[in-house]
There are 2 protein chains.
Amino acid sequence: MTSQGLLSQANGIPEEINGLRMTRQRQEIYKLLMGERSHPTANEVFMRIKESLPNISLATVYNCLEALVQHHIIRQVNFDREPSRYCPNLDEHGHFHDEATGTIHDVKFKPGINLTDLLDLPPHTVIKDIEITLRGQLSAS
Amino acid sequence: MTSQGLLSQANGIPEEINGLRMTRQRQEIYKLLMGERSHPTANEVFMRIKESLPNISLATVYNCLEALVQHHIIRQVNFDREPSRYCPNLDEHGHFHDEATGTIHDVKFKPGINLTDLLDLPPHTVIKDIEITLRGQLSAS
DNA sequence: ATTGGATCAAGAACTATTCTAATTTAAATT
DNA sequence: AATTTAAATTAGAATAGTTCTTGATCCAAT
């Protein structure tokens, strides 16, 4: 144990988040996701993370991403059957998938909107998670 | 061409829907989906369709499902990275995934709701498709 | 009847992901 | 500081859903 408390490392990432020990690999992957908010796939993370961790394996990237997801540090986002993407934005939001460029944009809800109020849910339903995906194009104007 | 128009077959399925020729295999798969609205996977369709088409192959089931989807006759529904499911309900609707039983329920929107109005979309966005997925439980009682 | 294009069947191939087993690292304890 | 223990990492094999390939079959139009 260091004597400095949570923010004990040079890169500003705590030793532990939500009960998950932040190893070097997890730190770097988390930092990368925070940096470029491009919703990369595991493989894209793998390729880019090699700059800081040349010996990392793809399995470790998957392991780390899964650990981060399960401890609610990042979110996993799926579009159809495409490779999973990973997102550091924990606010409730949807995803707009621009078909022309393949890029993904976070979409906020307008203030005061509670999605479940708008749906005809079966009675006694407890919703744990909502996912909203939009597909379309940014029309050139 | 028969002389009876669209509904020319005993089973009530037209020879062609949305420009897709309805072969025997496509008919049977479509009929099956219409019958049990249980959002089956391709493999579930494969197993059940063997009763009426004992020689059908899994590849054909995939081909038929893809053709039906592309001609907007059925919808493909994905939950995370689980196997794709198929749904004959073309009305705009979401899906509630009951974690306890694994079953899927269609969820209608309350009348007068236009989802895109509630979202903070980038300007000049043309939405082609919206997908809404809920995960949770039907609480006992 | 013949031709040509679409459809189907069977199995191989592909790809994203997970698993396995061995090694390394880090933390806790002596 | 050395030892023990558990967790994390690595590399590659395995898995599962889906797609691709090739050859056979069907069907509609000539």
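FYI, side chains are in, hydrogens and waters are out, and symmetry mates aren't considered; it's all heavy atoms of this structure. Residue numbering restarts at 1 for every chain, and letters A, B, ... go by the order of the sequence lines.
- For the OP1/OP2 pair of D/dT18 and a distance below 4.0 Å, the side-chain nitrogens and oxygens of B/Ser84 include at least one atom meeting the criterion.
- Atoms CG (A/Asn63) and C1' (C/dT25) sit 15 Å apart, rounded to a whole Å.
- Distances were taken from every side-chain heavy atom of B/Thr23 (C-beta onward) to each of C/dT7, D/dG17, C/dA9; the shortest belongs to C/dT7.
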Discussion item. Let's go through A/Leu20 and A/Ile73 carefully: what are the C-alpha distance in whole Å and the side-chain angles of both, what is the deciding distance for side-chain contact (heavy atoms from CB on, under 4.5 Å) to 0.1 Å, and is it a yes or a no?
Written reply: CA-CA 9 Å; A/Leu20 180 71; A/Ile73 300 167; 3.9 Å; yes
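- Here the side chain of B/Gln25 is nearest to one of D/dT19, C/dA9, D/dT10, namely C/dA9.
- The interatomic distance linking B/Gln27 (CD) with C/dC8 (P) rounds to 10 Å, in whole Å.
- Nearest to the side chain of B/Arg26, among D/dT9, D/dT19, C/dT7, sits C/dT7.
- In this structure, the nucleotide among C/dT17, D/dT10, D/dT18 sitting nearest to the side chain of B/Leu58 is D/dT18.
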Discussion item. Pair A/Tyr86, A/Val69 - check side-chain contact (heavy atoms from CB on, under 4.5 Å), show working.
Written reply: CA-CA 9 Å; A/Tyr86 298 88; A/Val69 168; 4.1 Å; yes
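- Atom CG in A/Asn55 sits roughly 17 Å away from atom P in C/dT23 (whole-Å rounding).
- The CD atom of A/Glu66 sits 11 Å away from the C1' atom of C/dC19 (whole-angstrom rounding).
- Going from atom CZ of A/Phe46 over to atom P of C/dA16 covers 13 Å, rounded to whole Å.
- Here D/dC20 is the nucleotide among D/dT18, C/dA16, D/dC20 with the atom lying nearest to any side-chain atom of B/Ala59.
- Picking from C/dT7, C/dA9, C/dT17 the nucleotide with the shortest atom distance to the side chain of B/Ser57 gives C/dA9.
- A close approach under 4.0 Å does not occur between any side-chain nitrogen or oxygen of B/Tyr62 and OP1 or OP2 of D/dT19.
- Distance from the side chain of A/Arg21 is smallest to D/dA7 among D/dT18, D/dA7, C/dT7.
- Within the 4.0 Å cut-off from OP1 or OP2 of C/dT17, at least one side-chain nitrogen or oxygen of B/Arg81 is found.
- Going from atom CD1 of B/Ile56 over to atom P of C/dA9 covers 5 Å, rounded to whole Å.
- A/Arg24 has its CZ atom 19 Å from the P atom of C/dT24, to the nearest Å.
- Side chains of B/Gln76 and B/Ser84: a donor-acceptor N/O pair is present below 3.5 angstrom, by distance only.
- To the nearest angstrom, P of C/dT15 lies 18 Å from CG of A/Asp80.
- In this structure, the ring of B/His95 has its center no less than 6.0 angstrom from the ring center of B/His97.
- Heavy-atom distances to DNA chain C give each of B/Leu20 and A/Glu82 a nearest nucleotide, and the one nearer the 5′ end belongs to B/Leu20.
- Across all their heavy atoms, A/Ile49 and A/Glu28 have their closest contact at CD1-O, 3.4 Å.
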